[in-house]
Amino acid sequence: MKIISWNVNSVRARITNILDYIKQSNPDILFLQEIKTQDISFPHEDFKNIGYNSYVFGQKSYNGVAIISKQELDKINNSFIKDDLKQSRIITAELKLKKKKIELINIYVPNGNPVDTEKYEYKKDWLKKFISSIKKRIQKNSNILIAGDFNIIPEEIDVYDFKRYENDALGRLEIRKKYRELINLGFKDVYRFKNKTKQEYTFWDYFAGSWQKNYGMRIDHFLLSNSLIENIKTININKKPRSKEKPSDHTPIELEII
DNA sequence: ATGGCTGAGCTACTCAGA
């Protein structure tokens, strides 16, 4: 079972790249973030034509998340938290894997910049609500997979120049502590669990030749509840899509579970 | 490097991203 997460920075602007990538990587389930469109203008047909169902929580212009899946998924839910700004940032579903029921949670965490503004407060509040909901969920179902664009640099190793980001909304200790708080509820950051010292990134800015200079950061993550650790087969950051024409600024992170 | 580049909505320019 291959599950992939990718912030595509507009599903419609990226549709050719996305379809090519699906054909090459053959995921069972694909989490998309920043689809930047409403449900009504989501390219459902393009995914249907290559054998995938689409479950979409979109909005006009900004944000938006979707789950693309070969098999039909149950219990699709777009109200995992109460979002004060009513932004489309979480979609959840249930996956049956052998005898386990796994709650799939696809997230697009607010960016939060600039710090010391209402945007930063929104990110903090959003994370607080999210952690609180996860705490409740994990008491009912211990099998949880959270993946998406967290907009959090977990540790110094996860960015090309930490000093530049230590007071940024992605790297501030206050925000990184939220990430640790979430993990301490009973999760593993699968990439870091499998790669203790490796320095790889999932995002590179469009400007100033960031990609060419490898000025990147690791802000897209897979968290698996401790109950599912034994199911991990591989975790991989696939840099190829970032090198294509008209790329997203993020690249996919790929998880295989058995 | 609080910049520069990209996309949406719309057709001139602002907002948002990280």
Side-chain angles (χ1 to χ4, degrees), chain A residues 5-19 21 31-43 46 56-66 83-90 106-124 126-127 147-176 178-179 199-221 237 239 241-253:
Chain A
S5 173
W6 191 11
N7 177 324
V8 290
N9 185 19
S10 171
V11 69
R12 289 182 293 166
R14 212 72 58 214
I15 191 65
T16 309
N17 299 36
I18 296 170
L19 296 175
Y21 171 70
F31 287 7
L32 301 178
Q33 301 90 34
E34 270 205 279
I35 60 171
K36 288 186 168 177
T37 192
Q38 299 168 96
D39 303 15
I40 193 163
S41 36
F42 187 90
D46 289 307
V56 181
F57 182 34
Q59 70 177 84
K60 202 172 184 177
S61 301
Y62 306 119
N63 312 310
V65 286
D83 191 308
D84 289 337
L85 299 183
K86 300 195 188 306
Q87 298 186 347
S88 303
R89 296 182 174 277
I90 309 184
N106 176 11
I107 64 171
Y108 175 47
V109 178
N111 175 296
N113 277 310
V115 295
D116 303 321
T117 66
E118 68 286 350
K119 291 189 179 187
Y120 186 71
E121 292 304 312
Y122 171 57
K123 180 179 195 172
K124 273 200 305 186
W126 195 98
L127 285 168
D149 178 358
F150 284 65
N151 273 319
I152 299 175
I153 300 163
E155 302 291 342
E156 298 193 17
I157 188 178
D158 295 308
V159 61
Y160 71 100
D161 180 3
F162 183 73
K163 283 214 175 311
R164 279 185 59 172
Y165 288 90
E166 62 182 350
N167 196 33
D168 184 279
L170 281 71
R172 260 199 186 181
L173 184 57
E174 186 176 38
I175 295 297
R176 295 192 289 126
K178 294 282 188 205
Y179 190 71
Q199 192 159 18
E200 286 189 300
Y201 309 128
T202 63
F203 167 89
W204 298 259
D205 258 321
Y206 284 125
F207 16 84
S210 296
W211 166 247
Q212 288 76 10
K213 289 186 281 196
N214 197 28
Y215 285 1
M217 57 184 84
R218 191 174 72 91
I219 55 176
D220 300 86
H221 309 299
I237 295 171
K239 292 195 202 58
R242 186 63 181 80
S243 69
K244 304 280 187 193
E245 287 294 311
K246 271 182 78 71
S248 167
D249 41 8
H250 295 251
T251 215
I253 176 166

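Here is the naming used below: chain letters follow the sequence lines, and residue numbers restart at 1 for every chain.
A straight line from CD of A:E245 to C1' of B:dC5 spans 15 Å, rounded to a whole angstrom. For the pair A:K60 NZ and B:dG9 P, the interatomic distance rounds to 7 Å; values are reported in whole Å. Rounded to whole angstrom, the span from the CD atom of A:Q212 across to the P atom of B:dC5 amounts to 12 Å. In this structure, A:D161 atom CG and B:dA1 atom P are separated by 10 Å, rounded to whole Å. Distance CG (A:N9) to P (B:dG9): 13 Å, rounded to an integer number of Å. Per the geometry, CD1 belonging to A:I15 stands 12 Å off P belonging to B:dA8, to the nearest Å.
In this structure, the side chains of A:Y201 and A:N214 come closer than 4.5 Å at one or more pairs of heavy atoms.
Within a 6.0 Å radius of CD1 in A:I40, no more than 12 heavy atoms belonging to other residues, nucleotides or ligands are found.
Mapping A:A208 and A:Q59 onto DNA chain B by nearest heavy atom places A:A208 closer to the 5' end of the strand. Residue-to-nucleotide proximity on DNA chain B shows that, of A:K213 and A:M217, the 5′-proximal contact is made by A:K213.
Evaluation of the side-chain hydrogen bond (donor to acceptor under 3.5 Å, both in side chains) rule for A:S5 yields A:Q33 as partners, not counting sequence neighbours. Legend: residues meeting side-chain hydrogen bond (donor to acceptor under 3.5 Å, both in side chains) with A:W211, ordered by chain and number and at least two apart, are absent. Judged as a side-chain hydrogen bond (donor to acceptor under 3.5 Å, both in side chains), and not counting sequence neighbours, the contacts of A:K36 are A:N9. Considering only residues two or more places apart in sequence or on other chains, A:K60 meets the side-chain hydrogen bond (donor to acceptor under 3.5 Å, both in side chains) condition with none of them.
The phosphate of B:dT6 has neither OP1 nor OP2 within less than 4.0 Å of any side-chain N or O from A:R12. Contact annotation: A:R14 reaches the phosphate of B:dG7 (side-chain N/O to OP1 or OP2, under 4.0 Å).
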Check nucleotides 15-17 of chain B for protein N or O atoms closer than 3.5 Å to its own N or O atoms and list the pairs.
from: B:dC15; atom 1: O2; to: A:Y62; atom 2: OH; distance (Å): 3.4

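A:F203 comes within contact range of the sugar-phosphate backbone alone, with a heavy-atom separation under 4.0 Å but no base atom that close.
Across B:dA16 and B:dG3, the matching C1' atoms stand 15 Å from one another, rounded to whole Å. Separation of the C1' atoms belonging to B:dG17 and B:dG4 is 12 Å when rounded to the nearest angstrom.
Note on residues 151-164 of chain A: pairs passing side chain to side chain donor-acceptor pair (under 3.5 Å), not counting sequence neighbours, are A:D158-A:R192, A:D158-A:R218, A:Y160-A:R164.
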